[in-house]
Participant: 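The structure that follows is given in the form of structure tokens.
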Amino acid sequence: MNTQIIPPPLPQEWKAESVDNDSRWLESIIKNTAPFSDAWIKARIVQLTYPPPPNYHNPSGEFEAKFPYLALSSTAKVLEKLHDLCPDRTVYSFFDRQVDEAYITRALFAWDNHKFTQSIGRNFEVFQDRTHPNVFLVTSTATPSLDADRELPDPGRFRPLFNVDELGAIVAERGCEQLTLRTHGYATPPKIFYPLFSQEADALTADDGISGDTRDRSRSDRALNPNQFYIGYHWPSEQPITSAGLWTDFSQHRGILWKFTFVLGGFAGILGTLIWILLKGFALPILSVGHAIPGIAQLWEWLKFGETAKVAATWYWIVPTLFLFWIVMMHGFRILVYQRDLYRAIHYGAPDLAEFFWRLDAAIAQMEVEGEGSPNRLPSIRVNAIGHSMGACLLVNTLRILSDRFGKDDLDVEIGAQLDRDDLEASYIGQYLLLDKLVLASPDIPLEFLREGRNNYVRSAMRRCRQIYLMSSDRDAVLRYMPTLGNWFIEPSIEMSGYRLGNVFLQRQNPEDPNSRYVPKIRNMFEWQEAVIPTSAYDLFRRFNYLDCSEMEAVNGIRAPLTHWSGPAIDVGNMTLFVLRSLPLSLGSKLPKFDLHGGYFSTDTLTFRIIRLLLASETDLPEELQDRIREAIAGSPIRFLPSDSRLR
């Protein structure tokens, strides 16, 4: 039995017990959602039916236009006001088609019946590039901090879509054949990602964005076709140290800060007491024996060891030192935001992206039902996914969620044609979306996840992709050291925190034979070992197409060869040059331009040309793509190990 939808009497009146919460909630939705998106319009509808809340100071200018409380008395007047607010109903055509009096009635009914959260419950927003109609931007609606607002894309460059249904209509109407989603990594706030993504979109949609020669355009420099969509995905990452959310947390939650300080002080007092007992009761009496030995006694006196030891054993010296050390260390890790970003990537970014994919698939299906697509069943859309650093971890977690939703692919299959058919079926993440290529650039994924017993969700996720490409660098010092420090306390094993998939490099099995096959290796500090060991899942390692970019200029500033003893020196040298290059000094501008961790996506690099090749190539045959990659990297320092090569 259908429930009759009846809107509340208009205009509405605030409830005294909830007026502050309700009005601030509506204003927060308006501030943190895109204008003329579904959630924004519904919040505006509710606002238009209320008078200004008590103690409301009517602002002026743009703020007044964003937060009107007009106490309109009918849905017809609300619709008229919304149409007046719309700058161009031809540009916002989906808004013009969807928003009518029935839409307004449903929004008010949801508000009045405490179902408004479900009504606006999409955890992402979609934007279309005004310059390139086949380029889109998807953003998670989660904010980096509870006390920080979202930073929306530039409205002059990106037009907000009504919701994912509008994207589904565009996909169906234009006959989209390939959809590529690219996401970022750690410490990439909107102000960094949006311009970088725009540059990538310009390069990918240009006729010849790499070579600059339009007369002889090679296959690898071919532009994306109009039926090939490029989508950027931004999840709530934040800038280390300078992010506003870091410091508002401290100012807004002083009680929690005091509680943390109290607990930390208690631990410092307990441990300091134990150290004091150890020094006073055991260490000092044993060391005092040295006074009986003539040679050591003179050295003790010269070093004034007795006075130093007494100071070290003083109660008031040990406890404050431990306390201050822990304060600096723990707050240092917090303002570096590595763990904060990792949490947001897994718990906010991955679920929101998974929701985007299944809602897009449902929207495409709805277009077919309504007959807005082709008269026959719409063809499958190949989905490519590109993840950088922590974004690669996000992608793998997203594929795990989609695998759980659309079925596992770990069933036994027969050898031969049946295997190929089932592998193709396993690549679907819905009715229309077919996973094709997965490109992982410097992925912040523990190498141990590719081991037996550790790869439960990695195996399920990666086996759904038809081709996997790994761009890695052993000289990526950011990835070599940051996860080791940041994950030391939380990873189940030390090896997980120390070995990351993005640091795999290729080395000849016989270094003296330039024709011997490459073997994937991983380095700690002075030594290295084979990445594939007896407990590894060999089928996953064999699926990777390895691109070792360690010596590529865009991600490396030290050209010295890697040896057992040069590795740490190369790391220190690269980090030093990277820091100096970032300084606003004349010296920094003269140093080589490179990015240890993110240089793969600079539009003038060979790795970006390879990405362009993979996305725009006319063939999907792995053998032909491998030949083209070999042709593209010929004469470069990039090493290539295709997926079918044996690893043992």
Side-chain angles (χ1 to χ4, degrees), residues 183-188 235-238 240 260 264 267 325-326 328-351 387-401 440-462 470 472-505 520-537 540-541 544 567-568 571 575 596-597:
T183 189
H184 59 87
Y186 155 71
T188 310
W235 49 275
S237 177
E238 64 181 335
F260 169 80
L264 198 64
F267 278 114
F325 172 76
W326 282 341
V328 172
M329 181 185 69
M330 293 189 178
H331 285 307
F333 279 121
R334 183 169 184 81
I335 65 175
L336 287 176
V337 307
Y338 178 82
Q339 284 299 333
R340 291 161 61 94
D341 264 11
L342 182 60
Y343 184 95
R344 286 187 291 259
I346 294 175
H347 298 289
Y348 300 161
H388 172 235
S389 183
M390 200 174 284
C393 179
L394 180 150
L395 282 180
V396 171
N397 278 274
T398 299
L399 296 182
R400 177 191 64 172
I401 297 171
L440 304 177
S442 195
D444 189 2
I445 298 174
L447 188 65
E448 190 170 323
F449 279 7
L450 292 145
R451 304 276 173 81
E452 294 292 348
R454 296 287 191 181
N455 61 343
N456 298 324
Y457 76 82
V458 174
R459 177 193 294 273
S460 177
M462 290 188 175
L470 172 64
S472 58
S473 169
D474 176 67
R475 305 190 183 194
D476 184 348
V478 175
L479 191 62
R480 279 179 52 77
Y481 297 107
M482 179 65 75
T484 303
L485 293 174
N487 296 327
W488 188 260
F489 301 101
I490 65 171
E491 297 283 16
S493 70
I494 291 179
E495 185 174 348
M496 289 180 70
S497 65
Y499 290 150
R500 315 306 276 186
L501 186 59
N503 285 136
V504 169
F505 68 101
K521 297 290 186 72
I522 190 75
R523 175 168 65 95
N524 42 49
M525 280 293 289
F526 304 103
E527 302 290 337
W528 50 71
Q529 66 181 42
E530 291 191 11
V532 188
I533 62 175
T535 59
S536 300
L540 287 180
F541 274 96
F544 282 98
D571 292 343
M575 286 188 287
L596 287 172
H597 191 52

Participant: I need the minimum non-hydrogen distance between Val504 and Pro520, along with the two atoms involved.
Facilitator: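 Closest pair (atom of Val504, atom of Pro520, distance): CG1-CB, 3.9 Å.
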Participant: Among pairs that include at least one residue of residues 342-351, which meet salt bridge (Lys or Arg N to Asp or Glu O under 4.0 Å), considering only residues two or more places apart or in two chains?
Facilitator: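 Of all non-adjacent pairs touching residues 342-351, those that pass salt bridge (Lys or Arg N to Asp or Glu O under 4.0 Å) are Glu238-Arg344, Asp341-Arg344.
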Participant: Heavy-atom distance under 4.5 Å between the side chains of Pro483 and Tyr338, does that happen here?
Facilitator: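 Sidechains of Tyr338 and Pro483: in contact.
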Participant: Calculate, to the nearest 0.5 Å, the distance between atoms OG and CD belonging to Ser497 and Glu448 respectively.
Facilitator: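 Nearest 0.5 Å value for the OG-CD distance: 9.5 Å.
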Participant: Quick one: side-chain contact (heavy atoms from CB on, under 4.5 Å) partners of Trp326, sequence neighbours excluded?
Facilitator: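 Once residues adjacent in sequence are excluded, the partners of Trp326 under the side-chain contact (heavy atoms from CB on, under 4.5 Å) criterion are Leu264, Phe267, Ala268, Leu271, Met329.
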Participant: Checking Tyr481 now: which residues fulfil ring pair (Phe, Tyr, Trp, His ring centres under 6.0 Å) with it, not counting sequence neighbours?
Facilitator: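 Result, ring pair (Phe, Tyr, Trp, His ring centres under 6.0 Å) vs Tyr481: none returned.
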Participant: His347: which residues meet the ring pair (Phe, Tyr, Trp, His ring centres under 6.0 Å) condition with it, sequence neighbours left out?
Facilitator: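 Counting only residues at least two positions away or on another chain, His347 forms a ring pair (Phe, Tyr, Trp, His ring centres under 6.0 Å) with Tyr343.
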Participant: Which residues satisfy the side-chain contact (heavy atoms from CB on, under 4.5 Å) test with Ala350, sequence neighbours excluded?
Facilitator: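 side-chain contact (heavy atoms from CB on, under 4.5 Å) check on Ala350 returns Leu394, Asn397, Thr398, Ile401.
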Participant: Which residue pairs pass the salt bridge (Lys or Arg N to Asp or Glu O under 4.0 Å) test when at least one of the two sits in residues 486-499, sequence neighbours left out?
Facilitator: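 Matches after skipping sequence neighbours: Arg451-Glu495, Glu491-Arg500.
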Participant: Do side-chain atoms of Asn487 reach the backbone of Ile490 as a donor and acceptor pair under 3.5 angstrom?
Facilitator: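 Side chain of Asn487 to backbone of Ile490, a donor-acceptor pair under 3.5 Å: no, none is there.
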Participant: Show your working on side-chain hydrogen bond (donor to acceptor under 3.5 Å, both in side chains) between Ser442 and Asp476 and close with a plain yes or no.
Facilitator: CA-CA 8 Å; Ser442 195; Asp476 184 348; 2.5 Å; yes
Participant: Indicate yes or no for a side-chain donor-acceptor contact from Ser237 to the backbone of Ala187 under 3.5 Å, with no hydrogens or angles considered.
Facilitator: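 Yes.
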Participant: Return the CE to OG1 distance between Met496 and Thr484, rounded to the nearest 0.5 Å.
Facilitator: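 Rounded to the nearest 0.5 Å, the CE-OG1 separation comes out at 12.0 Å.
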Participant: Run the ring pair (Phe, Tyr, Trp, His ring centres under 6.0 Å) test against His597 and tell me which residues pass, sequence neighbours left out.
Facilitator: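 With sequence neighbours excluded, His597 shows a ring pair (Phe, Tyr, Trp, His ring centres under 6.0 Å) to His388, given in chain and number order.
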Participant: State which residues pass side chain to side chain donor-acceptor pair (under 3.5 Å) with Tyr499; sequence neighbours excluded, sorted by chain then number.
Facilitator: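 Tyr499: side chain to side chain donor-acceptor pair (under 3.5 Å) contacts with Asn524.
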Participant: Do Leu342 and Tyr186 come within less than 4.5 Å of each other through their side chains, counting heavy atoms only?
Facilitator: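 Of all side-chain heavy-atom pairs linking Tyr186 with Leu342, none is under 4.5 Å.
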Participant: For Asp474, what residues pass the side chain to side chain donor-acceptor pair (under 3.5 Å) criterion, not counting sequence neighbours?
Facilitator: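 Side chain to side chain donor-acceptor pair (under 3.5 Å) list for Asp474, sorted by chain: Arg523.
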Participant: Looking only at non-hydrogen atoms, find the nearest pair between Trp235 and Gly185 and report the distance.
Facilitator: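 Heavy-atom minimum between the residues: CZ2-O, 3.5 Å.
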Participant: side-chain contact (heavy atoms from CB on, under 4.5 Å) between Ile494 and Trp488: does it pass, once the steps are laid out?
Facilitator: CA-CA 7 Å; Ile494 291 179; Trp488 188 260; 3.8 Å; yes
Participant: Can a donor-acceptor pair be found, under 3.5 Å and without considering hydrogens, that links the side chain of Gln529 to the backbone of Lys521?
Facilitator: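 Absent.
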Participant: Rounded to the nearest 0.5 Å, how far apart are CG of Leu440 and OG of Ser389?
Facilitator: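 Here the rounded value is 11.0 Å.
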Participant: Checking Ser473 now: which residues fulfil side chain to side chain donor-acceptor pair (under 3.5 Å) with it, not counting sequence neighbours?
Facilitator: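 Ser473 satisfies side chain to side chain donor-acceptor pair (under 3.5 Å) with no residue once adjacent residues are dropped.
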Participant: Could you tell me whether Asp571 and Arg480 make a salt bridge, using a distance below 4.0 angstrom between a side-chain N and a carboxylate O?
Facilitator: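 The answer is yes: the pair qualifies as a salt bridge.
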Participant: Phe333: which residues meet the ring pair (Phe, Tyr, Trp, His ring centres under 6.0 Å) condition with it, sequence neighbours left out?
Facilitator: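 Phe333: no ring pair (Phe, Tyr, Trp, His ring centres under 6.0 Å) contacts found.
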Participant: Do the non-hydrogen side-chain atoms of Leu596 and Met575 ever get within less than 4.5 Å of each other?
Facilitator: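 In contact.
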Participant: Looking at every heavy atom in both Pro443 and Leu479, which two are closest together, and how far apart are they?
Facilitator: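 It is O-CD2, 3.7 Å.
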